[in-house]
Structure formats: structure tokens, C-alpha cells
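When a residue number appears, it is its place in the shown sequence, counting from 1. Because only heavy atoms are used, hydrogens play no part in the values below, and waters and symmetry mates are left out as well, while side chains stay in. This structure is a prediction, so every number in the text was calculated from the model and none was measured.
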Amino acid sequence: MTTTQADLETLAVNTIRVLSIDAVQEANSGHPGLPMGAAPMAFALWMRHLHHNPQNPDWANRDRFVLSAGHGSMLLYSLLHLTGYDLSLEEVKNFRQLNSKTPGHPEYGHTPGVETTTGPLGQGGATAVGMALAETYLAKYFNRDGHDVVDHYTYAIVSDGDLMEGVFMEASALAGHWGLGKLIFLYDSNDITLDGNASMTFTEDIAKRYEAWDWHVLEVADGNDINAIDSAIKQAQAVTDKPSMVIVKTIIGFGSPNKAGSSKAHGSPLGADEVKLVKEKFGFPADEKFAIPGDALELFRSSVENGAKFEADWNAKFNAWKSAFPELAAEWESLMAGDLPDDWDADIPVWSGDDKPMATRNASGKVLNAIAKHIPTMIGGDADLAGSTKTLIDGEANTGKDHPAERNIRFGVREHGMGAIVNGLGLTRGIVRPYSATFLTFSDYMRGAIRIGALMGAKVAYVFTHDSIGLGEDGPTHQPVEHVMSLRAIPKLTVFRLADANESAAAWRLTMTLDGPAALIFTRQDLPILDNAEFIHTGVAHGGYVLADSEGTPDVILISSGSEVHIAHEAYKQLRAEGIKARVVSIPSWELFDAQDDTYKESVLPASVTARVSIEAGVTLGWQKYTGLRGINIGVDHFGASAPYEEIYEAFGLTPEKMVEAAKSLL
């Protein structure tokens, strides 16, 4: 009997299903239902539309694919293995095992071909909006008439759970507002969640919701109809002024005689007996694990040859563009290499101790603009707080309805979506240099995105202003207390809390050179300028440094960060006047200071000096690692109050006098 193309494609789809359930069963852990139900739409996208090169996962103009429903990770791992990425069958067999390249949820930078870390629902699709925004901005900046070197799509498979999450809604609303025409979501609409039928909690009309957000919406009634899905994707690609949502009705766990269409297929292995029944239904050997039919593998591996051709065709376009625009091409190649322009920091301002006191948020705005004028792919914005965060790029346009490719990104009051979108921008490996901005207390609203950004090592600057009770009259709802320490607790996130304008400039300089994200934390209130900018920059680069010292070994060490460094310095003067030898240590970045060698740390915080006092306008939790068992930690272990900030500092005991009193008690 002759095998038709349709038969071959059905075999290939079933190969994805069987390979996925075998891996889940072998691990005795995972989510088999989504790969079984969504395999046809994944096949239609990957084999008929996705421009990618399995032999070069980092090819610059590849289409981006995001499995936002990251719990269905075996769908993606099956596709990566079958289409020829550097993901062996042995790695598939080691699904969810220690040190494998196939962790429970996809991880960026860990598995070849994984574009972003997903799993926490909503994050993947929201990050995909940032990827699409990056494509749009870079296309505007680099493309010229007849030379489209930036020209690719961003696709995502999304789930019911994704669509319920607030971060996903925030980012989706922005994508429609901006008109990101090269963003296409495929919605695996199977009506099932982990706890049962989605109708228990999820009954809104998704098509109308997305139409209201100005998306192009299409529906495919049968999730097994590859040709219908293919046609819908083509229609989505043809609409260039709106993102597209393709709603595909699927059956979770399709092919499982006893569990298909129910929550039993969602988050647990099918069981050995059920796996055999599935294999029998699809015509696979019931007792053979990880069987991959040769015809199906040959079809999938055509992606290697096709991918090489996609990239070769683009290389020809690139070379023609490079010949026509050599300076622009040189800029592209430098950015692709992760380099910064030679003069990128030439205009970073320097302040002296004679300058007027300045809020560090104002200093940050000046430094940001000094850097941005040398790096035209530095873009970012705020959560409707630009006048307060001082993060507008001077002279540049704002994003708005149907014009997303501007440097000043207006996110509206959408902190969580903003965080995920800048993560997507930051996954361009340094081509785009993104930042976000809001008040520090609202870092809670974007914490999920910050955590994912840190996990991925995305090159992002998360700017936070109004950093403490120092913001004053807005009161405890807006006065961050635990937030700095909460951010310090996130691994791989470099946190800066700055004491003045020069420390702020140093922090921005360092942020631009980091391999991962940074949180830059600035004050609303004015602070005196610390003198000797070169010394300050060197100190901040070490994370902590001796700001003021005694002759010989100090009797007591006063340790602080941010605005309270000045309180410590005043306490130092009082102690010195009384003949007590004191040292002031500023630690603007715990992460950078802790990374220094023991010799440097000992030079700043000598072990022999156990009389130590810390002061910071936030919770004292954590300072004990610098002050030790004998130390005293002055802070705010309670919520704030509404009053002028000077009165609050006095009322809460954040004063030089309290620090002097504490120091003397230790002596």
C-alpha cells in the first residue's frame, strides 16, 4: 500500500505523542496531556512555517518559538530532538533527571533551541510579546528599502492557564495596542486544567476578549486537522497590523482510551498499561520504548537541510545589505558580539562634593540619558510613572497605538507585564539594552518576571525609585520596607542601592557590563554628593568600600547602603569628635561585595573588629552576615507612616544619634 503524504504526517504527529509519553512514563513524572493534544498544531507550525536552523539555534533572523505552557515541555523536547537539534535521544530518556538537558520545564540557556524559560504560566507568552517588540524595533533601526535583515515571526503555544494569568493579560493588551503584527499565538483550547474542567473557573469568550484588545482572531474547530491549522497560520501571517490569536480546539491526552479529555491526562504519567493502549491505537510497538519510525524521522530531519537553506538565503541578503550600508553592518556585528561602542560611557556625568544635594532618581535619569545617546538600541520605559522615575530618553518618541518601535516604551500601569516584556527584549543577547521602571514597592507586582529574568540571565535593568520611607507622605502602602532585602534574596540578580549621584553613575556603568539583570534602586529625596567620583566608582565596582576611616584599626565599623550612608557618616563624625575610632563602610551591592576575594573583604570588614552597627531604612533581616553576633542592626522592622520623611526618620530612630548610641553600647 502506498504511503501518502497525509499518512506520513499523521505518523510524524503520532511520533511526537508517543515519544513524549514514553519520556514522561520513564521519569514517572510530567505532563503527557498537552503534547498529545497539541502535537498536530506543533507539527504544522514547525514543519510548514517555522524558519529556524537546528544546526545553528542562535541564527539571528530565526523565527522565535515559545512553549508558554511549559509544563508540556516534552512536546518541545520531542520537536528539538526529532528536527535535529543537539538534543540526543539519551537526553530525552533522561527527562526530568539530574543534569539532563531536558528539565521539567524549558530553561533558556540550558537546552539548545529553548528561546525562553517557561513554566510559571503566563510568563512565556508575555515574554514573547517582548521578543516581538524587539523584532519590530530592530527592523525599524536596521532595515533599509529592499534590505530586510530583521524579518521574523514570534510564535507561542499558549494554554488555558496562561490566558487566566494577569501577566499574560497585561502583555496581550499591550501587544494589541501596539499592533505587533508578527506575533502569533496558537491557543491549545482543551477545556481542562489540573483540577478538572476549565469551566469551573474559566468561561469568558476568549475570541471576544482578544478582539477587544485589537487582535486578529481565528478559530480551528478540529485540533487534529493539520491543513486547517496550516491555513489559519497563513491567514495570521497575512495580517500585518495586528497580532493574531489562533484558537485551536484540542483534546487533552488525545489517543489515550481512558484518560483523553480529562484532567487525568494533565499532570501525571498515563501509566504503563495506558501507554501500551496508546501505542496500539497509533500502530506503534506496544512493548518498545522510545521507538521512532524511520520515515517520520527522515521527514523531521529535513528541517536540517531546510534550516541551512533559510540561513544561507538570509546570509546572502545580509551580505548585500552589508555592502550597501557598511557602517550600519559594523554596528550590527558589534552588537551581535555583545560589545558596547567605544565611547558609550564618555558622557557619564561626574559630581563633586560642592554640588547641590540631588535625589538619586534624578542622577539616574541623567546617567541613563548620557549612556542612551551612544547606544541607540537602549530602549525602555515605565509603568505610567516617567515623571517620577526620570527614565524618559530625551528627544525620543513614545510608543503608542500602532507604533511600537520607539525608544520610550509606555507600558501603562502594568508592572508584571512590563517585567516580562523587558525580559523578552533582554533575550536578544545584548543587541537591545532594555530597562523598566516603577516605584520599589511595586516590585512585588513584577517579582515573578524578575525571578525568571534572573534565572535566564537576561540583560535587563530593572529601575526602582522611591526606595524607602524616605518617600514620605504617601505612607506605608507606598513605602517599601522588605523589598530591598526581598530582591537581594533572588539568585543571579545584582541589586544596587545607591548613596548618591556618583554611586548611581557607577551602578549604571556596571549594569551595562553585567552578564545578567540588575535592580537599580534610587531615592526620591535629595542626598548630599560624595566627593571623589573616581574613588566612589572603584568602590561600587567592588560592591562595598571604606568611605571614611580612622587612623589605625577602628574601634567600631558603621555599615550602610543608600540614603542611610549619610547618617552613618554623620555618626562617624560625632564618634570621631569624642575620640572613638570609627570606620564607615558603604555596601551598595551585596552581590558584588560577596563576590570579592577574602583579602579584599577583610580589608573592608576586618574580622578582628566585632563592634559593628548597620543602618538601612528597611528590614534588618540579612544584615547580620556583616555585623555578626555582637552587632546591632538599625532598621525598620515594621510598616511605615504618612508624614514628611524627616519626621519619619526621627520617629523610627534612623538618626546619627541612635547610631552613635549603638556604637558606644558595643564599646
Side-chain angles (χ1 to χ4, degrees), residues 13-42 67-81 89 91-98 100-107 111 117-124 157-165 187-202 223-224 248-282 284 286-291:
V13 168
N14 291 336
T15 299
I16 295 172
R17 289 166 164 154
V18 170
L19 184 58
S20 297
I21 64 173
D22 269 345
V24 171
Q25 190 62 39
E26 186 75 7
N28 196 30
S29 175
H31 298 73
L34 184 145
M36 299 174 77
M41 77 172 81
L67 182 64
S68 190
H71 56 275
S73 57
M74 264 315 305
L75 173 67
L76 179 54
Y77 299 148
S78 294
L79 288 164
L80 292 171
H81 169 70
L89 185 59
E91 293 288 355
V92 173
K93 293 177 180 179
N94 285 326
F95 177 55
R96 288 187 166 223
Q97 304 308 301
L98 184 64
S100 76
K101 291 183 180 180
T102 50
H105 294 84
E107 297 178 25
T111 308
T117 297
T118 59
L121 288 171
Q123 292 289 336
I157 289 180
V158 306
S159 65
D160 293 297
D162 285 305
L163 269 65
M164 294 184 203
E165 289 285 0
Y187 168 28
D188 175 32
S189 178
N190 58 42
D191 300 319
I192 297 294
T193 64
L194 180 62
D195 280 350
N197 292 334
S199 59
M200 289 190 296
T201 58
F202 190 56
N224 285 312
V248 184
K249 295 304 296 183
T250 62
I251 298 173
I252 193 170
F254 180 83
S256 172
N258 299 302
K259 297 185 178 182
S262 77
S263 60
K264 294 177 181 179
H266 178 87
S268 301
L270 296 178
D273 291 341
E274 192 73 7
V275 167
K276 288 182 179 180
L277 293 176
V278 173
K279 290 179 179 180
E280 289 173 355
K281 176 178 177 65
F282 292 145
F284 281 65
D287 294 318
E288 185 178 345
K289 296 180 180 179
F290 301 102

Audit row: Leu89, Leu19, side-chain contact (heavy atoms from CB on, under 4.5 Å) steps and yes/no: CA-CA 10 Å; Leu89 185 59; Leu19 184 58; 4.0 Å; yes
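- With values rounded to the nearest 0.5 angstrom, Leu80 atom CG is found 9.5 Å from Met74 atom CE.
- To the nearest 0.5 Å, atoms NE2 (His81) and CZ (Phe290) are separated by 10.0 Å.
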Steps toward side-chain contact (heavy atoms from CB on, under 4.5 Å) verdict (Asn224, Val13): CA-CA 9 Å; Asn224 285 312; Val13 168; 5.7 Å; no
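- Under the 4.5 Å side-chain criterion, counting only non-hydrogen atoms from C-beta, Pro257 is in contact with Val278.
- The shortest side-chain heavy-atom distance between Thr111 and Pro103 falls under the 4.5 Å cut-off.
- Annotation for Lys281 and Gly255: closest pair CD-O, 3.3 Å, computed over non-hydrogen atoms.
- To the nearest 0.5 Å, the span separating OG on Ser20 from CG on Leu79 amounts to 8.0 Å.
- Taking both residues in full, the closest heavy atoms of Ser73 and Phe95 are given as OG-CE1, 3.4 Å, listed atom of the first, atom of the second, then distance.
- Side-chain atoms of Thr118 and Ser68 include no donor-acceptor pair closer than 3.5 Å.
- Rounding to the nearest 0.5 angstrom, the gap separating the CG atom in Leu76 from the CD1 atom in Ile157 is 9.0 Å.
- Residues Ile192 and Asn197 form a side-chain contact, since some pair of their non-hydrogen atoms from C-beta on lies under 4.5 Å apart.
- The two residues Ala69 and Leu34 come nearest to each other via the heavy atoms CB-CD1, 3.5 Å.
- Surrounding NZ of Lys279 are more than 12 heavy atoms belonging to other residues, nucleotides or ligands, all under 6.0 Å away.
- What you find for Ala265 and Gly253 is that their closest heavy atoms are CB-CA, 3.9 Å.
- By the 4.5 Å heavy-atom criterion applied to side chains, Ser159 and Tyr187 are not counted as neighbours.
- To the nearest 0.5 angstrom, Ile21 atom CD1 is 8.0 Å from Ser256 atom OG.
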Leu121 vs Met164, side-chain contact (heavy atoms from CB on, under 4.5 Å): CA-CA, chis, key distance, verdict: CA-CA 9 Å; Leu121 288 171; Met164 294 184 203; over 6 Å; no
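- Residues Lys289 and Glu26 are paired through a salt bridge, judged by an N-O separation under 4.0 Å between the basic side chain and the carboxylate.
- Not counting sequence neighbours, the partners of His71 by the ring pair (Phe, Tyr, Trp, His ring centres under 6.0 Å) test are His31, His266.
- Glu107 contributes atom CD, which lies 10.0 Å from atom OG1 of Thr102 (distance to the nearest 0.5 angstrom).
- Checking Thr193 against Asp160 by side-chain atom types alone, no donor-acceptor pair falls below 3.5 Å.
- Using a 4.5 Å cut-off on side-chain heavy atoms (C-beta onward), Arg96 and His105 make contact.
- Counting heavy atoms from C-beta outward, Lys264 and Leu270 have side chains that stay 4.5 Å or more apart.
- Across every non-hydrogen atom of Pro269 and Gln25, the tightest pair is CB-OE1, 3.5 Å.
- In this structure the side chain of Phe284 reaches within 4.5 angstrom of the side chain of Asn14, judged on heavy atoms.
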Leu277/Asp273 under side-chain contact (heavy atoms from CB on, under 4.5 Å): CA gap, chis, key distance, verdict: CA-CA 7 Å; Leu277 293 176; Asp273 291 341; 5.8 Å; no
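- Contact of the Ile251 side chain with the Asn190 side chain is not registered, since no non-hydrogen atoms from C-beta on lie closer than 4.5 Å.
- A salt bridge links Asp191 to Lys249: one of the charged nitrogens lies within less than 4.0 Å of a carboxylate oxygen.
- For the 3.5 Å distance criterion, the side chains of Thr250 and Asp188 qualify, holding a donor opposite an acceptor.
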